Amino acid sequence: MANFPTQRYRRLRYNPLVREMIAETTLSKKDFILPLFAVPGKNIKNEITSMPGNYHLSIDNLVTECKEIEELGIPAVILFGIPSHKDEVGSEAYDDNGIIQQAIRAIKKECKNLLVITDVCMCEYTSHGHCGVLNGEEILNDETNELLAKEALSHAKAGADMIAPSDMMDGRVAAIRKILDENGFYKIPIMSYAAKYASGYYGPFREAADSTPAFGDRRSHQMDIRNGNEAIREVESDIIEGADIVMVKPAGPYLDIVHRVKQQFNMPTAAYQVSGEFAMIKAAGKNGWIDEERVMMESLYAIKRAGADMILTYFAKEAAKVLDRK
Ligand code: PBG
Ligand code: ZN
C-alpha cells in the first residue's frame with residue numbers, strides 16, 4: 001500500500017459532498033420496525049416511565065398511532081400486548097379475542113400500508129411472567145411450543161403479516177411453521193428472534209410489558225452473553241426450521257454477532273435495539289451529557305454497518321424525522 005504523503009485519507013473528508021459520495025452505509029426509515037404496546041380499555045395513552053416517548057396504548061389510540069407511523073413512511077410495527085387476564089398457561093396469548101388479536105384487526109382495517117408483525121411469547125400472558133408453561137420452576141420446552149404455535153396461528157387468523165417468536169424454546173420455529181402451513185398460512189413469514197441473549201438491557205421493557213418473572217430469570221432459555229459460536233448454531237437451526245428473517249437481540253452490544261450472522265448466512269437479518277439501549281441514550285441525552293440526536297443516529301448507523309438489514313427500534317419515529325430533514 002502506498003503511504004504518506006502519497007496517500008492522504010483526509011482528501012476525501014474535507015468536502016461534505018465528497019463525504020456523502022463515499023459513505024459506505026445507508027440508513028432509511030424503510031429499515032425501521034417500531035415496537036408498540038397494546039393495553040385493554042379506551043382512550044389510554046400512558047407514557048412508560050423508563051422509555052420516554054413510548055406509551056401503553058388502548059386500541060383506539062394504537063390505531064391513531066399506527067396511522068401516524070404509516071404517514072411517516074415507516075413500514076412496520078411489532079406489537080406487544082398487556083392482557084386483562086393472566087394465568088398459569090397464558091391463555092389470553094392464544095385467545096382469538098385477546099388484546100393482540102383485537103389490535104391486529106383494528107390496525108389492519110385502518111392501515112393498508114403498514115406491516116403488522118406480532119411478537120410471539122408467553123411472558124406477557126402468564127401469571128408467573130415466564131416465557132412458557134412451568135413444571136415447578138422449570139419451563140417445559142415441547143409443551144410451550146404447542147402453546148406458541150397456537151398463539152402464532154391465532155395472530156395469523158387475526159390478520160398479522162408476519163410472526164416473530166421471541167421465546168427461545170428449541171424447535172419453536174418448526175412448530176409455528178407447521179401449524180401456519182397446515183392452516184393455509186404458508187404465505188406468512190417468520191422473523192425469528194434467533195440469537196437472543198439473557199440480557200440486562202431488557203429492564204425497561206419488562207416495566208412496559210409487565211413481564212418480570214415472579215422468580216428466577218430467563219437464563220434457562222435465552223443465550224449466555226459470553227457466547228458467539230453458539231449464536232451461529234442457534235441461527236442455523238432456525239433457518240433450517242423455516243425462519244425467513246433472523247434476528248439478533250440486543251443489537252448495539254452484540255454487533256459482532258450481527259456481523260457474523262450476516263456474513264455466515266446471507267439471510268435477511270434484523271437487529272433489535274432493545275429498551276435498555278434506548279433508555280440509556282435517552283437518559284444521557286436528557287441530562288445533557290450526550291447529544292441525543294447524534295448518538296441515536298450513530299447507534300442506528302452502527303447496527304446497519306455491522307450488517308443488519310432492518311432494525312427494531314424505539315427511535316423509529318424520531319430517526320425517521322431526522323432522515324426526512326436531510
Ligand atoms: C418477550 C420479549 C422481551 C423483549 C422482546 N420480547 C423481553 C424478555 O425477553 O424478557 C425485550 C425487548 C426490549 O427490551 O426492548 N420475550
Ligand atoms: Zn418471553
Side-chain angles (χ1 to χ4, degrees), residues 33 35 78-80 90 93 117-126 129-132 139 141 144-145 147-148 151-152 162-177 189-206 208-209 211-213 216-262 264-265 267-279 303 306-314:
I33 300 167
I78 181 163
L79 298 183
F80 297 91
I117 305 172
T118 57
D119 184 271
V120 166
C121 197
M122 303 301 294
C123 50
E124 293 120 80
Y125 305 93
T126 52
H130 279 289
C131 301
I139 303 169
N141 192 88
T144 297
N145 281 343
L147 301 185
L148 294 166
E151 182 181 1
M162 196 182 292
I163 302 294
S166 71
D167 52 282
M168 291 295 279
M169 294 302 117
D170 290 315
R172 90 281 203 211
V173 173
I176 291 170
R177 189 68 270 161
I190 296 175
M191 171 194 280
S192 81
Y193 289 67
K196 175 174 175 179
Y197 285 85
S199 168
Y201 286 89
Y202 306 150
F205 176 92
R206 293 192 184 160
S211 63
T212 309
D217 53 38
R218 306 221 197 286
R219 282 177 235 247
S220 85
H221 53 293
Q222 297 178 350
M223 284 186 56
D224 191 301
I225 60 165
R226 295 167 291 192
N227 296 349
N229 297 329
E230 189 188 350
I232 301 301
R233 299 200 299 274
E234 274 281 6
V235 172
E236 183 172 37
S237 304
D238 281 13
I239 296 168
I240 292 168
E241 289 179 32
D244 302 283
I245 300 174
V246 290
M247 190 202 300
V248 174
K249 177 183 170 198
Y254 296 84
L255 292 182
D256 57 328
I257 308 301
V258 174
H259 184 74
R260 284 179 69 180
V261 165
K262 186 63 188 178
Q264 179 98 17
F265 300 109
M267 287 285 287
T269 303
Y272 198 143
Q273 183 180 51
V274 300
S275 56
E277 298 176 71
F278 171 83
I303 295 166
D309 301 295
M310 61 200 94
I311 308 174
L312 297 90
T313 174
Y314 302 97

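Heavy-atom basis, side chains included; hydrogens, waters and symmetry copies ignored. Predicted model, so just to flag it, every value in this text is computed and none were measured.
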_Closest contact, heavy atoms only, Arg260 versus Gly228_ = NH1-C, 3.6 Å
*Tell me, please, which residues at least two apart from Tyr125 pass ring pair (Phe, Tyr, Trp, His ring centres under 6.0 Å).*
none
*Taking only residues two or more places apart in sequence, or in another chain, which ones meet Arg218 in a side chain to side chain donor-acceptor pair (under 3.5 Å)?*
none
*Run the side chain to side chain contact (heavy atoms under 4.5 Å, CB included) check on Ile239 and Phe265 step by step: do they pass?*
CA-CA 9 Å; Ile239 296 168; Phe265 300 109; 3.6 Å; yes
*Does a side-chain heavy-atom distance below 4.5 Å link Ser275 with Arg206?*
no
_Can you give me the closest heavy-atom contact between Pro250 and Tyr202, atom names plus distance?_
CD-OH, 3.6 Å
_Please check: side-chain N/O of Asn141 versus main-chain N/O of Met169, any donor-acceptor pairing under 3.5 Å?_
no
_Those residues that, when tested against Pro189, pass side chain to side chain contact (heavy atoms under 4.5 Å, CB included) (two or more places apart)_ = Met162, Asp244
*Show your reasoning for whether side chain to side chain contact (heavy atoms under 4.5 Å, CB included) applies to Gln264 and Val235.*
CA-CA 10 Å; Gln264 179 98 17; Val235 172; over 6 Å; no
*With sequence neighbours left out, what residues match Thr313 under side chain to side chain donor-acceptor pair (under 3.5 Å)?*
Gln273
*Listed by chain and number, what are the ring pair (Phe, Tyr, Trp, His ring centres under 6.0 Å) partners of Tyr201, not counting sequence neighbours?*
none
_Geometric cation-pi criterion, Lys196 with Tyr272: 6.0 Å, 45°_ = no
_Check against side chain to side chain contact (heavy atoms under 4.5 Å, CB included), Val261 and Met267_ = CA-CA 8 Å; Val261 165; Met267 287 285 287; over 6 Å; no
_So, using side chain to side chain donor-acceptor pair (under 3.5 Å) as the criterion, who are the partners of Thr118 when residues are at least two apart?_
His155
*Could you pull out the closest heavy-atom pair between Ala164 and Ile78, with the gap in Å?*
CB-CD1, 4.0 Å
*asked:* I need the Glu277 CD to Ser199 OG distance, nearest 0.5 Å.
replied: 7.5 Å
*asked:* According to ring pair (Phe, Tyr, Trp, His ring centres under 6.0 Å), does anything in residues 218-242 pair up with another residue at least two apart or in another chain? List the pairs.
replied: none
*asked:* Using the side chain to side chain contact (heavy atoms under 4.5 Å, CB included) criterion, which residues pair with Asp217? Sequence neighbours excluded.
replied: Arg219
_Residue list, ring pair (Phe, Tyr, Trp, His ring centres under 6.0 Å) with Phe278, at least two apart or on another chain_ = Tyr314, Phe315
*Which heavy atom in Ile257 sits nearest to a heavy atom in Ala231, and how many Å separate them?*
CG2-CB, 3.7 Å
*With sequence neighbours excluded, what pairs up with Asp256 under the salt bridge (Lys or Arg N to Asp or Glu O under 4.0 Å) test?*
none
*Spatial distance of atom CD (Glu236) from atom CD (Glu241) [nearest 0.5 Å]*: 11.0 Å
*Point-to-point distance, once rounded to the nearest 0.5 Å, from CD1 of Ile176 to CD of Glu151*: 8.0 Å
*Among Leu312, Val248, Ile311, which one satisfies side-chain contact (heavy atoms from CB on, under 4.5 Å) with Ile303?*
Ile311
*For Glu230, all residues meeting side chain to side chain contact (heavy atoms under 4.5 Å, CB included), sequence neighbours excluded*: Met223, Asn227, Arg233
*State, to 0.1 Å, how close Pro165 and Val173 come at their nearest heavy-atom pair, and which atoms those are.*
CG-CG2, 4.5 Å
*Quick one: closest heavy-atom pair of Thr269 and Gly307, and the distance?*
CB-O, 4.3 Å
_Residue pairs involving residues 164-174 (criterion side chain to side chain donor-acceptor pair (under 3.5 Å); sequence neighbours excluded)_ = Asp119-Ser166, Asp167-Arg172, Arg172-Asp238
*Point-to-point distance, once rounded to the nearest 0.5 Å, from SG of Cys131 to CG of Leu147*: 12.5 Å
_Euclidean distance, Phe205 CZ relative to Ser211 OG, rounded to 0.5 Å_ = 5.0 Å
*Enter the distance from Ile245:CD1 to Ser192:OG here, rounded to the nearest 0.5 Å.*
9.5 Å
